[in-house]
There are 2 protein chains.
Amino acid sequence: MRRTEAAAATRSALVRAASELLDEGGPGAVTLRAVGARAGVSRGAPYGHFENKEHLLTEIAVDAWNSLADEVERLRADPEATPSARLEGALLALIGVGRRQPHLYALMFSTPADDPEAAGAAGRLQDQFLAIVAGLVGESDALRYGALLMSSAHGIAGLELSGHLAREKWKVGGEQLVRMQVDAIRSGVEDVDARG
Amino acid sequence: MRRTEAAAATRSALVRAASELLDEGGPGAVTLRAVGARAGVSRGAPYGHFENKEHLLTEIAVDAWNSLADEVERLRADPEATPSARLEGALLALIGVGRRQPHLYALMFSTPADDPEAAGAAGRLQDQFLAIVAGLVGESDALRYGALLMSSAHGIAGLELSGHLAREKWKVGGEQLVRMQVDAIRSGVEDVDARG
DNA sequence: TACCTGAGTTGACGGCGTCACATGAGTGCG
DNA sequence: CGCACTCATGTGACGCCGTCAACTCAGGTA
């Protein structure tokens with residue numbers, strides 16, 4: 001099995017090299033030639049492990065979706081946290097990826113959503129997230145509010161990432177926006193509860 | 001002046017050709033060779049009017065920001081509409097660009113925010129939008145809520161665009177999310193009003 | 001008319017993704 | 001032990017791409 005071990009090592013070296021290049025220099029820096037060079041192989045070697053460049057990038061995105069799902073699952077399972085804290089933590093986890101690895105974040109949402117691997121990994125995250133939302137607004141409203149909260153966090157991350165929240169006009173940080181969003185939805189739900 | 005007229009016509013033909021190629025085939029289809037061909041000139045002609053490809057794309061993004069700002073300004077000035085309707089209209093205008101011209105929408109938010117032209121055009125939109133938000137939540141809170149609402153709409157557009165809202169799990173449309181968001185913020189503000 | 005200015009064309013360069021083919025080391029079988 | 005085979009990898013080539021420099025040539029000017 002020495003043969004397949006070496007091949008597996010090369011494969012993961014390619015993925016790691018591509019991820020590093022993406023973080024360091026953005027999508028333009030991710031060249032199969034550069035990926036091969038950093039992984040210690042030639043420019044044609046990736047074709048032995050991935051159908052093409054896009055498939056290599058998709059694998060990176062899937063890994064990112066999965067690791068974010070893991071992070072949110074840990075938040076959901078934390079017995080110390082309040083429902084609000086769990087929700088804010090989940091939203092900030094998404095935004096945190098955008099801050100720490102902006103190019104990876106963009107890749108995650110630009111990878112085709114009909115890819116089964118990507119859809120599965122993103123679905124894992126959505127399930128964990130929905131469970132957290134349900135803890136705050138109830139099962140029946142979790143879908144609607146979950147979509148709204150996910151959109152909001154995604155938009156905050158996107159605007160931070162594109163620099164449109166950094167302009168002096170909006171002196172608001174993502175943390176504050178997340179807190180406002182959670183408060184707004186909580187008060188909306190309480191309104192409904194009070195009326196019902 | 002026949003000379004400069006022809007040059008101006010070529011310049012706008014290049015911009016139009018690039019926009020059409022972007023809408024039809026995405027960023028990968030926008031090639032200076034293809035742009036020149038569609039505009040009836042050669043592959044080198046764009047360099048007589050734009051420093052490079054990126055500057056051509058930036059001009060397209062600036063035009064898009066400006067025309068969206070115009071649309072929101074018309075909404076703001078509409079005397080018939082209620083404050084809520086104005087706000088929902090503005091949010092849906094943003095989302096509408098994402099639906100009708102997804103590649104253009106992505107280009108708008110990927111163009112460098114430090115470009116003075118782009119920043120000015122985006123600033124026009126933000127000013128119009130802030131005025132609308134102020135009509136609902138008051139001047140003092142317009143900045144905070146404006147940032148949150150803009151983020152939310154941008155996130156809705158982004159998730160629709162990437163297909164993550166289309167999956168059967170979330171059977172929620174952008175219109176419904178916008179209405180929920182506006183309602184949530186309105187009830188939050190009323191809470192504060194009631195308490196104060 | 002003669003000059004000149006500048007928009008537009010074209011050839012060339014390096015870099016890219018990708019494919020077809022060559023190579024050579026590991027592997028299982030006799 | 002040796003041989004044939006398999007498959008990861010290397011390499012040359014192709015057609016694209018953005019970009020630049022040199023050239024052409026029509027419009028405007030003196």
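- Residues meeting the side-chain contact (heavy atoms from CB on, under 4.5 Å) test with B:Asn66, sequence neighbours left out: B:Val62, B:Ala121, B:Arg124.
- A salt bridge links A:Glu59 and A:Arg11; the closest N-O separation between the charged side-chain nitrogens and carboxylate oxygens is under 4.0 Å.
- The CG atom of B:Asp115 sits 5.5 Å away from atom OG1 of B:Thr58, with the distance rounded to the nearest 0.5 Å.
- Between atom CG of residue A:Leu32 and atom CG of residue A:Asn52 there is a gap of 8.5 Å, rounded to the nearest 0.5 Å.
- If you measure from atom CD of B:Glu54 to atom P of D:dC17, you get 19 Å, rounded to the nearest angstrom.
- Classification of A:Glu88 and A:Arg186 as a salt-bridged pair fails, no side-chain N sitting under 4.0 Å from a carboxylate O.
- Rounded to an integer number of Å, the gap from CZ of B:Phe50 to C1' of C:dG6 is 17 Å.
- Here the C1' atom of nucleotide D:dG18 and the CG atom of B:Leu56 are 13 Å apart, to the nearest Å.
- Nearer the 5' end of DNA chain D, as judged by each residue's closest nucleotide, is the contact made by A:Thr10, out of A:Thr10 and B:Lys53.
- Computed from coordinates, the A:His49 NE2 to D:dC7 C1' distance equals 10 Å when rounded to whole Å.
- Taking CD from A:Gln181 and CG from B:Leu148, the interatomic distance works out to 4.5 Å, rounded to the nearest 0.5 Å.
- A straight line from NE2 of B:His55 to C1' of D:dT19 spans 14 Å, rounded to a whole angstrom.
- Within the model, atoms CG of A:Leu22 and CG of A:Leu104 stand 6.0 Å from one another, a figure rounded to the nearest 0.5 Å.
- Within residues 20-37 of chain B, the residues approached by DNA chain D to less than 4.0 Å at the level of any non-hydrogen atom are B:Val30, B:Thr31, B:Leu32, B:Arg33, in residue-number order.
- Separating the CZ atom in B:Arg74 from the CZ atom in B:Arg86 is a distance of 15.0 Å, to the nearest 0.5 Å.
- Looking at heavy-atom distances under 4.0 Å, A:Ala7 makes contact with sugar-phosphate atoms alone, never a base.
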Pull out every protein N or O sitting under 3.5 Å from an N or O of nucleotides 19-22 of chain C, one pair per line with the distance.
none

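- Aromatic ring centroids of B:Tyr47 and B:His55 lie 6.0 Å or more apart.
- One atom, CZ of A:Arg11, and another, P of D:dA8, lie 11 Å apart when rounded to the nearest Å.
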